[in-house]
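Following: one structure in structure tokens, then a few remarks.
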Number of protein chains: 2
Amino acid sequence: MRSPQLMIKPSNCHSCRMSALCLPLALRTSDLDLLDNAIKRGKPMQKNQSVFYAGDRFTSVYAIRSGAVKSYCITDDGTEQVTGFYLPGEIFGWDGIANGNHSNHAVTLETSALCEIPFAQFERLSATMPMLQQHFMRLMSKEISTDQALITLLSKNSAEERVASLLISLSKRLKSQHLSATKFRLPMSRADIGNYLGLTVETVSRVFSRFQSFDLIYCERKEIEIINLKRLSSLAHNAEHL
Amino acid sequence: MRSPQLMIKPSNCHSCRMSALCLPLALRTSDLDLLDNAIKRGKPMQKNQSVFYAGDRFTSVYAIRSGAVKSYCITDDGTEQVTGFYLPGEIFGWDGIANGNHSNHAVTLETSALCEIPFAQFERLSATMPMLQQHFMRLMSKEISTDQALITLLSKNSAEERVASLLISLSKRLKSQHLSATKFRLPMSRADIGNYLGLTVETVSRVFSRFQSFDLIYCERKEIEIINLKRLSSLAHNAEHL
DNA sequence: CGTATGTTTGACCGTCGTCAATTGTAGTGG
DNA sequence: CCACTACAATTGACGACGGTCAAACATACG
């Protein structure tokens, strides 16, 4: 007999509460069935598990049902560069369409449930479903937008503005999933945050402390509560597309 | 009678010396004819002319035949953010597939000749030419790669490393077009370079001076000669995908 | 309970931004 | 052709932000 928590999980794309986000809205029901059959519903993954490695043959993109994932690559000098954080309802793994291999690593930041969307299937389906192709191109284009927002953040904004932008971004994305926008758990470490934002761990920690002393946030380890969303947002100039 | 310099210009995609770069190699000749008819061969543009504005309806992407283009957007606080430089043989204008409008501005940095590739035509053609669709996705994916390389550059590298990376990137891209890799004219201003690399004009200028005093480059205003390509490359850790 | 890892805080210092002045270059009109 | 202006680039002095190094502390894990 299956365990209770498995029972309440959605077993197909129709009943998944986030289908509206990771699938094109315009799909007819018959099309959805086809896609539904193509998608591999993921086994739950533990923390710090690799979804794929850089260099792996590119076969699929992944939708997050629960949990969180970071993507990163190893630069020429052997250091890690975090390239993105992904939350429930979001899709990652676009890198490596170019040459057929992933250019990033992807690991879970906490226990997560993923849906694997095989790309070959998609390509076959998209021949008869033009909306699907369009949808995927839009998602890629959105990835470009967030990358450019990050570039702006890195080249123009101070440490405080960068951290504020990330917090506001997380808040907005959680809110769009009908989760609390002001009280949540940071899935990533301070080191990951710093790496992503081009800062050191120490600086990130100091900014958190300063924000706390200004009553902008309350934060205990990874649990965070945004006290003054308005003032924090005013610091986050470039969170819009992050 | 037409002027000599107009006569030597390629009049279609077949004879264009850079067709191999902006079009998929796998196209059959018959397909190439179709595409050839779709492309609007560009009128030459003067320096500082807009190709498109942010907010403009997205209708086309553009290939550069000669000259140079920069793309940039205006951030929330009203300042400019340069998002890319484009050289002969390269295609720009992918932004705004997402929502149907360009998110960037694009202006010529010097007198340029462009080819406009209408996107509606492409979508129609790609129905019968799967290679074309794949090619475009790869180009978008490549854009993501270069953005991520820039992110790494901005978050990890010093001013000297950033400038070196840009110079090496330009050098490689010019070389791939059978132009000199060591002696060329910088199409963009110091301010544009600084903006792109997250540095101030003053810092860029100082780095140029330092490079010159170390005999890495010789540079007079916009004319630049790379003296010690090897040592300059060793500074440019993240130029590979820039 | 002990070790490893993540986080916080402090002191110090270097890189790069800011402000300011100067020089050089390109473009304009007398 | 040259003065005049506007703009781009260079150089210097100074200071601040954030990195580096180090130590203390908290938390997670076996």
Side-chain angles (χ1 to χ4, degrees), chain A residues 46-49 68 70 77 79-82 107-111 152-167 185-214 217-224 235, chain B residues 46-49 68 70 77 79-82 107 109-111 153-167 185-214 217-224 235:
Chain A
Q46 293 184 344
K47 188 177 172 176
N48 290 327
Q49 299 267 312
K70 78 166 172 181
D77 54 350
T79 59
E80 180 176 324
Q81 171 66 47
V82 176
V107 300
T108 53
L109 291 167
E110 52 190 24
T111 308
T152 303
L153 195 69
L154 290 173
S155 61
K156 296 248 186 308
N157 293 6
S158 68
E160 290 192 353
E161 291 169 329
R162 295 184 206 184
V163 174
S165 294
L166 179 60
L167 291 178
R185 181 183 153 80
L186 293 171
M188 71 294 281
S189 70
R190 301 285 191 274
D192 285 335
I193 294 176
N195 190 310
Y196 180 66
L197 296 175
L199 302 168
T200 58
V201 199
E202 295 94 326
T203 301
V204 173
S205 180
R206 273 185 256 268
V207 171
F208 270 90
S209 300
R210 232 175 297 155
F211 280 176
Q212 202 155 195
S213 73
F214 295 161
I217 63 173
Y218 174 75
C219 159
E220 188 163 352
R221 197 142 176 81
K222 303 214 161 177
E223 299 297 332
I224 190 166
L235 282 176
Chain B
Q46 293 184 342
K47 187 176 172 178
N48 290 326
Q49 299 263 313
K70 77 166 173 183
D77 55 350
T79 60
E80 181 176 323
Q81 170 66 48
V82 175
V107 299
L109 291 168
E110 51 190 23
T111 308
L153 194 70
L154 291 173
S155 60
K156 296 249 187 308
N157 293 7
S158 69
E160 288 191 353
E161 291 168 329
R162 296 185 206 182
V163 174
S165 295
L166 179 60
L167 291 177
R185 182 184 154 80
L186 293 171
M188 71 295 280
S189 70
R190 302 285 191 274
D192 284 334
I193 294 176
N195 190 310
Y196 180 67
L197 297 176
L199 302 168
T200 58
V201 199
E202 294 93 327
T203 301
V204 173
S205 180
R206 273 185 256 269
V207 171
F208 270 90
S209 299
R210 233 175 297 155
F211 280 177
Q212 202 155 195
S213 73
F214 294 162
I217 63 173
Y218 174 75
C219 157
E220 187 163 354
R221 198 142 175 82
K222 305 214 160 176
E223 299 298 331
I224 190 166
L235 282 175

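Numbered from 1 within each chain, the chains take letters A, B, ... in sequence-line order. Treat the numbers as computed from the prediction; the structure is a model and nothing was measured.
Comparing Lys222(A) and Ala159(B) by the nucleotide of DNA chain C that holds the closest heavy atom to each, the one mapping nearer the 5' end is Lys222(A).
For Glu160(B) against dC16(C), a side-chain-to-base donor-acceptor contact under 3.5 Å is absent. On a pure distance criterion of 3.5 Å, a polar donor-acceptor pair joins the side chain of Arg206(B) and the base of dG12(D). In this model, no side-chain donor or acceptor of Arg210(B) finds a partner on the base of dT10(D) within 3.5 Å.
Between the side chain of Gln212(A) and the backbone N or O of Cys219(A), at least one donor-acceptor pair lies under 3.5 Å. A donor-acceptor pair under 3.5 Å is absent between the side-chain atoms of Thr108(A) and the main chain of Thr111(A), judged by distance alone.
The side chain of Glu202(B) sits closest to dA20(C) out of dG17(C), dA20(C), dT9(C). Distance from the side chain of Ser205(B) is smallest to dT10(D) among dG18(D), dT10(D), dT20(D). Comparing dT7(C), dG17(C), dT10(D) by their closest approach to the side chain of Arg190(B) singles out dT10(D).
For Ser189(B), no side-chain nitrogen or oxygen approaches OP1 or OP2 of dA8(D) to under 4.0 Å. Not one side-chain nitrogen or oxygen of Thr203(A) sits closer than 4.0 Å to the OP1 or OP2 atom of dG18(D). Phosphate contact (OP1/OP2 of dT11(D), side-chain N/O of Ser209(B), threshold under 4.0 Å): present.
In this entry the distance linking CD of Gln212(A) with C1' of dT9(C) reads 14 Å, nearest Å. As rounded to whole Å, 17 Å separates atom C1' of dA16(D) from atom CG of Asn157(A). The interatomic distance linking Lys156(A) (NZ) with dC16(C) (C1') rounds to 15 Å, in whole Å. Across the protein-nucleic acid pair, Leu199(A) atom CG and dT20(D) atom P stand 11 Å apart, rounded to whole Å. Distance Phe208(A) CZ to dT8(C) P: 8 Å, rounded to the nearest Å. In this entry the distance linking CG of Leu153(A) with C1' of dG18(D) reads 15 Å, nearest Å. Rounded to an integer number of Å, the gap from Glu223(B) CD to dA8(D) C1' is 15 Å. Counting to the nearest Å, the P atom of dT15(C) and the CZ atom of Arg162(B) are 13 Å from each other.
Leu197(A) places none of its side-chain heavy atoms less than 4.5 Å from the side chain of Thr203(A). Within the 4.5 Å cutoff, no side-chain heavy atoms of Lys70(A) are placed close to those of Met188(A). For the pair Arg221(A)/Leu186(A), no side-chain contact is recorded, criterion being any heavy-atom separation below 4.5 Å from C-beta on. Counting heavy atoms from C-beta outward, Glu160(B) and Phe211(B) have side chains that approach closer than 4.5 Å.
Between Asn195(A) and Glu80(A), the shortest heavy-atom distance links the atoms ND2-O, 2.9 Å. Contact between Leu154(B) and Gly198(B) at its shortest, heavy atoms only, is CD2-N, 3.9 Å.
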At a cut-off of 3.5 Å, list every protein nitrogen or oxygen paired with a nitrogen or oxygen from nucleotides 26-30 of chain D, distance to 0.1 Å.
unit_1  : atom_1 : unit_2    : atom_2 : d
dT27(D) : O3'    : Arg221(A) : NE     : 3.4

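Between the axis at the start and the axis at the end of the helix from dC1(C)-dG30(D) to dG30(C)-dC1(D) there is an angle of 50°, using five pairs per end and rounding to 10 degrees.
Under the 4.0 Å criterion applied to side-chain N and carboxylate O atoms, Glu110(B) and Lys222(B) are not assigned as salt-bridge partners. Contact check on Arg185(B) versus Glu223(B) returns a salt bridge, with a Lys/Arg side-chain nitrogen under 4.0 Å from an Asp/Glu carboxylate oxygen.
Gly194(A) comes within 4.0 angstrom of nothing in the nucleic acid, heavy atoms only.
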